[in-house]
J.: 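Here it is, the structure, as structure tokens.
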Amino acid sequence: KQEVTQIPAALSVPEGENLVLNCSFTDSAIYNLQWFRQDPGKGLTSLLLIQSSQREQTSGRLNASLDKSSGRSTLYIAASQPGDSATYLCAVTNTGNQFYFGTGTSLTVIP
Amino acid sequence: SQTIHQWPATLVQPVGSPLSLECTVEGTSNPNLYWYRQAAGRGLQLLFYSVGIGQISSEVPQNLSASRPQDRQFILSSKKLLLSDSGFYLCAWSAGLKNIQYFGAGTRLSVL
């Protein structure tokens, strides 16, 4: 069964700093990988999706990379802002119908 | 555009009472539908998913059940709630080749 791990569990950085969040998965035969943001008490918002054939995706200050062979993905956030404070989750799907989530990284950006 | 509605936003129920949470999707046809539970400080646990009307797959044995009476309606139910059923319940849908998953706003369930 696919297992997804996110490190670190929590991260606190000063405003303006660049940061990297990590996601690893045990079964490299994935269909896609998706990064989400979750604000406290809210649902998940999709940030980026990387298809299995892709190496990276970019949206504004966010860049997600995928290394399928090593079972890893990173989410790079440039010039962090207090509004980026949230929990970030990654999820992979093998068959397209089932998604496996990591436990998330709680990010705090200090003004 | 597609939207997903989930209600209620919060719910407080006594142990042993029934449960019905509803989720509806607009703007898409034949979506995959999902119910997740997120316990405090833990990741998302997939409870049920459905690829079509009347087709329900259960991921974990429990006293919850799901039904899909219409293409874009997904219902999570229980006949008798347990204390351990407390948590944050999220409905989601996905469709298309990219299979991007979109989430509802969630229901905070407290069983007392």
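Given the structure is predicted, the values throughout are model-derived calculations rather than measurements. Residue numbers begin at 1 in each chain, while the letters A, B, ... track the order of the sequences.
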J.: Examine A:Phe99 together with B:Tyr36 and report whether their ring centres are nearer than 6.0 Å.
T.: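 Aromatic pair excluded; centres sit 6.0 Å or further apart.
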J.: Assess whether atom CZ of A:Arg61 is packed by more than 12 heavy atoms of other residues, nucleotides or ligands within 6.0 Å.
T.: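 Counting neighbours around CZ of A:Arg61, more than 12 heavy atoms of other residues, nucleotides or ligands fall under 6.0 Å, so yes.
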J.: Is A:Tyr76 reachable from A:Leu47 through a run of I, L, V, M, F, W or Y residues, each pair having side-chain heavy atoms under 4.5 Å apart?
T.: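 No, A:Leu47 and A:Tyr76 fall in different hydrophobic clusters.
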J.: Quick check on A:Gln6 against chain B: is it the side chain, the backbone, both or neither that has a heavy atom closer than 4.5 Å?
T.: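 For A:Gln6, there is no contact with chain B at all, as no heavy atom is under 4.5 Å.
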J.: Quickly, which of B:Gln45, B:Gln101, B:Gln38 forms a side chain to side chain contact (heavy atoms under 4.5 Å, CB included) with A:Phe101? Name it, please.
T.: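 Exactly one option meets the side chain to side chain contact (heavy atoms under 4.5 Å, CB included) with A:Phe101, and it is B:Gln101.
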J.: Can you tell me if A:Gln34 uses its side chain to pair, donor with acceptor, with the backbone of B:Ile100 under 3.5 Å?
T.: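 The answer is no, because no donor-acceptor pair under 3.5 Å joins these two groups.
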J.: Identify the two heavy atoms, one from B:Phe103 and one from A:Leu44, that lie closest to each other, and give their separation to 0.1 Å.
T.: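 Heavy atoms only, the tightest pair is CB-O, 3.4 Å.
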J.: How long is the gap from CG on B:Asn99 to CD on A:Gln98, to the nearest 0.5 Å?
T.: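 Nearest 0.5 Å value for the CG-CD distance: 11.5 Å.
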J.: Can you say whether A:Leu49 sits under 4.5 Å from chain B via the side chain, the backbone, both, or neither, judging by heavy atoms?
T.: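 Answer is side chain: those atoms of A:Leu49 sit under 4.5 Å from chain B.
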J.: With rounding to the nearest 0.5 angstrom, report the NZ to CZ distance, A:Lys42 to B:Arg108.
T.: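 The distance works out to 11.0 Å.
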J.: Using non-hydrogen atoms and a limit below 4.5 Å, what part of residues 72-88 of chain B faces chain A?
T.: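 Against chain A, the residues of residues 72-88 of chain B that fall inside the cut-off (heavy atoms, under 4.5 Å) are B:Phe88.
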J.: Which atoms of A:Phe36 come close to chain B, meaning under 4.5 Å heavy atom to heavy atom: side chain ones, backbone ones, both, or neither?
T.: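 Side chain of A:Phe36 only, per the 4.5 Å heavy-atom cut-off to chain B.
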J.: Determine the option with the most heavy-atom pairs under 4.5 angstrom with chain B, choosing from A:Val4, A:Leu89, A:Thr87, A:Asn32.
T.: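 When all of A:Val4, A:Leu89, A:Thr87, A:Asn32 are compared, A:Asn32 has the most.
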